[in-house]
Amino acid sequence: VIRALYWLGIRSIAVHSEADARARHVSMADESHCIGPAPAAQSYLDVDRIIDAARRSGAEAIHPGYGFLSENAEFAAACAHAGITFIGPSPDVIRRMGLKHEAKAIVAAAGVPVIPGYLGERQDEATLLGEGSRIGFPLLVKAVAGGGGRGMRVAREAAELPEAIHAARAEAEAAFGDGRVMLERFVERPRHVEVQVFGDSFGRHVHLFERECSVQRRYQKIIEESPSPALTPELRERMTAAAVRAAAAVGYVNAGTIEFILAPDGQFHFMEMNTR
């Protein structure tokens, strides 16, 4: 980001914790500000300190990068309140697409295929067990909030579902402060294919094709390859068109990623959107 700003003749301002005072991005920037000690909660996750640094330096915009506050709706709202441009989507879009059950409902209404499952608000165990039987096994129990593979458990039969729900809830509560879960049919031997999308503030949306992200460890991507070796021209056309519909359905602005699960039979399903 700093290199791109340099090419464009735009002044760059870096923030850093005490531990990162000698980091590369700090030395590359035109100006830098320390925003706290090493623990992220006292520096990179402290909205007030980041906004204060932006005000003191006269920054007109904030690029959130990735991780930390990059998909935090409250941070995007704080930027807007301070009169600083958040380089990313609106707080409302981040909030709506950050909750997986709401995101799936939005894109399904736009004709984007989603995996059969339960996205309801009722979270009592009796409801979840009943819905699990209706959907069928194997079943994936998944945290409504967050990502990165946290709060996910597979139940291959009904007897395994109560423990999967309990474990997913506990991990989601610890990682995201939100213990709500959703259920969806577990796809065996899937591929993970994602499409890069862009939207402008005039209602136009485009895609920049796909990335194959199936080589993973513990739900974390290790290798991303483009183009995907699994996509035919016809499948690529359908998948990228679905990604554009998903972005348009929520009025997406700026760059984002639509993630799909691709089954061995060639059927694909919306999984989630990364709003960064």
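All values reported here derive from a predicted model rather than from experimental measurement.
One hydrophobic cluster, built from ILVMFWY side chains closer than 4.5 Å, holds both Ile258 and Leu231. No chain of hydrophobic side-chain contacts below 4.5 Å, direct or via other Ile, Leu, Val, Met, Phe, Trp or Tyr residues, connects Ile135 to Ile115. Met271 and Val195 fall into different hydrophobic clusters, where Ile, Leu, Val, Met, Phe, Trp and Tyr side chains are chained together by heavy-atom contacts under 4.5 Å. Linking ILVMFWY residues whenever their side-chain heavy atoms come closer than 4.5 Å, directly or via other members, leaves Leu119 and Val112 in distinct clusters. With hydrophobic clusters built from ILVMFWY side chains whose heavy atoms lie under 4.5 angstrom apart, Val187 does not share a cluster with Val193.
Judged by distance alone, with hydrogens and angles left aside, the side-chain atoms of His205 form no donor-acceptor pair with the main-chain N or O of Phe198 at under 3.5 Å. A donor-acceptor pair under 3.5 Å is formed between the side chain of Asp124 and the backbone N or O of Thr127. Looking at Thr85, its side chain never comes within 3.5 Å of a backbone N or O of Ile87 through a donor-acceptor pair. Of the possible donor and acceptor atoms, one in the side chain of Arg49 sits under 3.5 Å from a partner among the backbone N and O of Gln42. At distances below 3.5 Å, at least one donor-acceptor pair connects side-chain atoms of Asp30 with backbone N or O atoms of Ser12. Not one N or O on the side chain of Ser32 forms a donor-acceptor pair closer than 3.5 Å with the backbone of Ala14.
Once rounded to the nearest 0.5 Å, the distance linking CG of Leu183 with CD1 of Ile165 reads 6.0 Å. A distance of 7.0 Å separates OG of Ser228 from CG of Leu262, quoted to the nearest 0.5 Å. From Asp52, atom CG reaches atom CG of Asp46 across 9.5 Å, with rounding to the nearest 0.5 Å. Separating the CD1 atom in Ile51 from the CG atom in Asp48 is a distance of 8.0 Å, to the nearest 0.5 Å. Considering CZ of Phe176 and CG of Leu99, their distance stands at 11.5 Å, rounded to 0.5 Å. The distance from the SG atom of Cys213 to the CD1 atom of Ile223 is 10.5 Å, given to the nearest 0.5 Å.
Between Arg211 and Glu225 no salt bridge is recorded (no basic side-chain N to carboxylate O distance below 4.0 Å). Note on Glu212 versus Lys221: no salt bridge recorded, every NZ/NE/NH1/NH2 to OD/OE distance being 4.0 Å or above. A salt bridge is defined here as a Lys NZ or Arg NE, NH1 or NH2 lying under 4.0 Å from an Asp or Glu carboxylate O, and Glu102 with Arg95 fails to meet this definition. A salt bridge is absent between Glu31 and Arg56: the closest approach of a Lys/Arg side-chain nitrogen to an acidic carboxylate oxygen does not fall below 4.0 angstrom.
Looking only at side-chain heavy atoms (C-beta outward), Asn274 and Glu259 come within less than 4.5 Å of each other. Between Val253 and Asp200, the closest side-chain pair of non-hydrogen atoms is not below 4.5 Å. For the pair Lys104 and Met182, the minimum side-chain heavy-atom distance is below 4.5 Å. Side-chain atoms of Val154 and Phe137, non-hydrogen and from C-beta on, never get closer than 4.5 Å to each other. For the pair Glu194/Glu224, a side-chain contact is recorded, criterion being any heavy-atom separation below 4.5 Å from C-beta on. Counting only heavy atoms from C-beta outward, the side chains of Leu128 and Tyr118 approach each other to under 4.5 Å. Counting heavy atoms from C-beta on, the side chains of Val107 and Val114 come closer than 4.5 Å. In this structure the side chain of Pro113 never reaches within 4.5 angstrom of the side chain of Gln267, judged on heavy atoms.
Between the side chains of Tyr44 and Asp20, at least one donor N or O sits under 3.5 Å from an acceptor N or O. Of the N and O atoms on the side chains of Gln216 and His192, at least one donor lies less than 3.5 Å from an acceptor on the other residue.
Of all the heavy atoms in His33 and Ser57, the pair that sits closest is NE2-CB, 3.6 Å. In terms of heavy-atom proximity, Arg150 sits nearest to Ala143 at O-CB, 4.0 Å. Nearest heavy-atom pair, Ala38 versus Ala19, reported as atom, atom and distance to 0.1 Å: CB-CB, 3.8 Å. The minimum heavy-atom distance linking Ile62 with Cys79 is given by the pair CD1-SG, 3.8 Å. Between Glu125 and Pro162, the shortest heavy-atom contact is OE2-CB, 4.1 Å. The nearest pair of heavy atoms linking Val141 to Ala164 is CG2-CB, 4.0 Å.
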Worked check of side chain to side chain contact (heavy atoms under 4.5 Å, CB included) between Leu161 and Leu139: CA-CA 8 Å; Leu161 187 53; Leu139 195 65; 3.9 Å; yes
Test side chain to side chain contact (heavy atoms under 4.5 Å, CB included) applied to Met239 and Phe260, step by step: CA-CA 8 Å; Met239 187 177 286; Phe260 292 105; 3.5 Å; yes
Full working for salt bridge (Lys or Arg N to Asp or Glu O under 4.0 Å) between Arg156 and Glu188: CA-CA 11 Å; Arg156 297 193 173 277; Glu188 300 278 9; 2.5 Å; yes
Test side chain to side chain contact (heavy atoms under 4.5 Å, CB included) applied to Val47 and Leu69, step by step: CA-CA 8 Å; Val47 172; Leu69 297 172; 3.9 Å; yes
Stepwise side chain to side chain contact (heavy atoms under 4.5 Å, CB included) check, His207 with Gln196: CA-CA 6 Å; His207 71 84; Gln196 185 74 56; over 6 Å; no
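Under the side-chain hydrogen bond (donor to acceptor under 3.5 Å, both in side chains) rule, Arg153 has a single partner from Glu171, His166, Glu160, which is Glu171.
Annotation for Glu60: atom CD does not count as buried by contact number, only 12 or fewer foreign heavy atoms lying within 6.0 Å. Environment of CZ in Arg24: sparse, with no more than 12 heavy atoms of neighbouring residues, nucleotides or ligands closer than 6.0 Å.
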